[in-house]
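First the structure, in the form of structure tokens, and then the observations on it.
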Amino acid sequence: LRELDIVVLIVIEGAESFLNCAEAHFADGIFEFSIEKVQHPYVFKNLFQIKKLRGSNHPHDLLQLNMTGDGIVISSLV
């Protein structure tokens, strides 16, 4: 795939066991998205974690996605 200049990205939702699959080995990037309920039953946090991003020094922490009028803001969980 590298000789063809192809980048393989995999986006998953809550599938931790996926990282042990053969497809994960070939992926250049794996991003996991999840939703967490916050106190009130109708309030949720959108969470994001970079599981793999080949050739980068990416954060391993769980991050929060905030949808705003200007776009998507990724921030650390506080």
Nearest-0.5 Å distance that lies between atom CD in Glu36 and atom CG in Leu62: 7.5 Å
Here the pair of heavy atoms bringing Phe44 nearest to Val38 is C-CG2, 4.2 Å
Heavy atoms, side chains only, cut-off 4.5 Å: are Ser75 and Asn66 in contact? yes
Of His58, Glu32, His60, the one forming a side chain to side chain donor-acceptor pair (under 3.5 Å) with Lys51 is Glu32
Quick one: CD1 on Ile74 to CG on Leu63, what's the gap to the nearest 0.5 Å? 7.0 Å
Rounding to 0.5 Å, atoms CZ (Arg54) and CG (Asp28) come to a distance of 5.0 Å
Do Ile72 and Met67 come within less than 4.5 Å of each other through their side chains, counting heavy atoms only? yes
